[in-house]
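Each remark here refers to the structure printed beneath this line.
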Amino acid sequence: MTTSAFTMEGTAAPAPTPDQVRVLVIEDDPLVCDALCAYLEDTGYHVLAAADGHAGMTLFHREHPDIVLTDLRLPKLSGHQVLELIAHATPETPLIVVSGVTLLNDVIEALKHHAWDYVLKPLHDMAMLEGAIQRSLQRARLIQSNRRIREDLEDINRRLHQTVERLRHDEETGHKIQNRLLPEDGAHFGDILFRRSIHPAMYLCGDFIDYFRIDERHTGFYMTDVSGHDAASAFVTVMLKTLVGAYRDAFWQRGDQTILHPDEMLARINEDLIRQELGKYCTMFYGVLDHDRDSLYCSSAGQFPYPVMIEGCETRPLKFRSRPVGLFPEAAYTARELRLPRRFQLVLVSDGVLELMPSDRSRTRAQRFLELIDPDQDIDGLVRRLRLDGHDERPDDVSILTLSRGHDNG
Amino acid sequence: MDDPQILYSEHDGVHFLRFRGNILHDMAPMLEDFLDQLERHGAGHNYLLDLTETYNIDSTMLGLLARIANRVRERGDAPPTLVCSGEDIIDLLIGIGFDQVFQLMACDGAPLGEGRPLKAGATDHETLARTMLNAHKELIALKDDNRLLFDDVIQLLEGGLRPGKA
């Protein structure tokens with residue numbers, strides 16, 4: 001039992017002095033009773049005395065003594081019955097049998113049931129009695145102390161359970177909110193299809209994906225991976241969505257061009273994050289589709305593994321060497337323009353995918369990821385190949401964003 | 001696999017940190033405390049980070065390494081040196097632009113990423129990096145005494161940092 005570790009002398013309350021202890025003596029032999037009471041009173045105990053079992057029980061219920069000494073052969077109610085009644089009413093009250101040598105079998109029977117200890121009459125050595133009382137009182141203290149510790153532990157356990165439940169509920173709510181902030185899977189902007197698939201390691205996710213119309217000619221999108229995958233990381237993803245939204249509003253309201261320029265966007269977000277002093281940073285890939293020029297204007301902030309462009313049966317990583325946002329005040333970002341092939345698929349994954357790749361000396365995990373991509377399959381195929389469709393635990397969040405045209409086979 | 005481990009030593013005014021195994025975010029609070037202590041005890045020291053035995057490192061821990069680079073740069077010192085050998089780790093570090101804020105090197109001192117090659121007439125930065133790398137090699141070469149030269153960061157935190165070791 002868990003509380004057994006606490007059954008040590010040190011954990012119990014200090015031993016009471018005799019004047020703090022009330023002893024009930026139930027003994028029908030007036031000589032023995034007087035001798036017992038006289039000795040106990042001399043030692044300093046408060047003593048209550050009864051001459052039969054019935055009177056003993058009445059005193060017990062009225063006075064609530066700390067310890068009971070009882071003879072076994074008693075008028076009206078036997079000692080065995082007294083023991084049973086008291087043990088049933090208050091199991092923590094120490095019960096000591098005071099009995100004649102000739103009744104040894106009865107004593108053993110009493111010890112088997114409710115008695116804690118015994119002393120034999122005639123009482124030659126009163127110190128034996130004192131020893132039995134002290135041992136029983138000590139045992140009672142330990143039992144009480146154990147019970148309190150067990151109750152405390154049960155209480156702590158209950159509160160812990162409630163807290164965990166509340167946290168789980170909070171996380172589930174957060175998870176739902178985060179899901180609602182994600183764009184619809186399978187949205188079309190012009191003839192470009194956007195698909196996304198997000199697989200959090202826990203309830204909340206440090207990865208985030210968004211795509212949105214900027215104006216008739218432009219569509220913006222980004223993938224971000226905030227360091228860590230705790231609640232704080234999830235807050236930062238929400239903040240990033242708000243930030244990007246603010247730049248889009250600035251374009252709509254004041255014609256601020258930042259939202260159209262990926263390098264400037266990343267530089268501004270870098271400044272914004274550093275200014276907030278959140279101790280969080282993120283990798284980010286931001287792109288703008290120009291539907292008139294049929295091109296992709298994009299920039300990367302430490303997005304790794306590199307985005308992969310699939311054209312025909314060819315897969316090609318888009319290598320950007322750049323620093324994450326939120327870490328280095330002096331970081332600069334460059335944008336590049338890609339003409340979009342007639343048929344293509346652009347695949348972006350967060351770095352959690354690398355932890356799903358086996359690693360050996362022959363190839364890096366990033367290379368293994370490249371090899372895993374089947375040019376003929378869409379995002380659902382990739383999810384299956386990465387075995388993300390199960391509910392297995394993952395070490396890190398994994399998210400996938402694809403943009404495609406003329407690539408609708410599953 | 002062995003438990004991940006971060007080891008520390010101090011030599012000629014340089015903080016050496018070795019990262020072994022799978023370095024993940026659960027070690028972040030400990031490393032953060034330790035780095036704060038280092039900044040108090042060994043102010044002005046430069047850093048050499050050894051990731052040659054790092055199997056994997058996550059974004060949270062990379063963030064802490066970046067903070068080292070920032071602190072050193074804020075003092076106006078040469079970029080700290082980061083030694084690495086695994087292709088995965090090299091790919092990752094270059095992918096997030098660490099070659100622009102650290103002196104990124106292979107075990108033999110060859111520069112990685114966009115770091116300029118070390119040659120005759122090298123700048124002070126490069127000389128310093130080379131010196132640090134040599135000191136690091138010496139430390140590692142003393143195999144029998146390695147345990148004494150490098151202390152587990154957790155033990156150092158528990159026992160209180162003893163400056164001026166090794």
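These numbers come from the heavy atoms of this one structure, side chains and all, not from hydrogens, waters or symmetry mates. Sequence lines set the chain letters: A, B, ... in the order given, protein chains first and strands last, and positions in each chain run from 1.
- Once rounded to the nearest 0.5 Å, the distance linking CD1 of B/I89 with CZ of A/R365 reads 7.0 Å.
- Contacts between A/Y306 and chain B at a heavy-atom distance below 4.5 Å involve the side chain alone, from C-beta outward.
- Remark: A/R387 CZ is loosely packed, at most 12 non-hydrogen atoms of other residues, nucleotides or ligands lying under 6.0 Å away.
- Atom CZ of A/F235 sits in a sparse spot, with 12 or fewer heavy atoms from other residues, nucleotides or ligands closer than 6.0 Å.
- Distance CG/A/L327 to CG/B/L65: 10.0 Å, rounded to 0.5 Å.
- Distance check, rounded to the nearest 0.5 Å: CZ of A/F304 to CD1 of B/I96 gives 9.5 Å.
- Here the closest heavy-atom approach between residue B/S59 and residue A/S227 is recorded as OG-CA, 3.3 Å.
- At a 4.5 Å heavy-atom cutoff, the contact between A/E355 and chain B is made by side-chain atoms alone.
- Expressed to the nearest 0.5 Å, how far CD1 of A/I274 lies from CG of B/N70 amounts to 7.5 Å.
- If you measure heavy-atom distances from B/L62 to chain A, the contacts under 4.5 Å come from both the backbone and the side chain.
- Remark: B/R73 pairs with A/E330 by the salt bridge (Lys or Arg N to Asp or Glu O under 4.0 Å) rule, at least two apart or across chains.
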For residues 259-266 of chain A, run the donor-acceptor check on the side chains, cut-off 3.5 Å, and write out each pair with its distance to 0.1 Å, sequence neighbours left out.
none

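- At a 4.5 Å heavy-atom cutoff, the contact between A/F328 and chain B is made by backbone and side-chain atoms alike.
- A cation-pi arrangement is not found for A/R323 relative to B/F102, the charged atom failing to lie both closer than 6.0 Å to the ring centre and inside a 45° cone about the ring normal.
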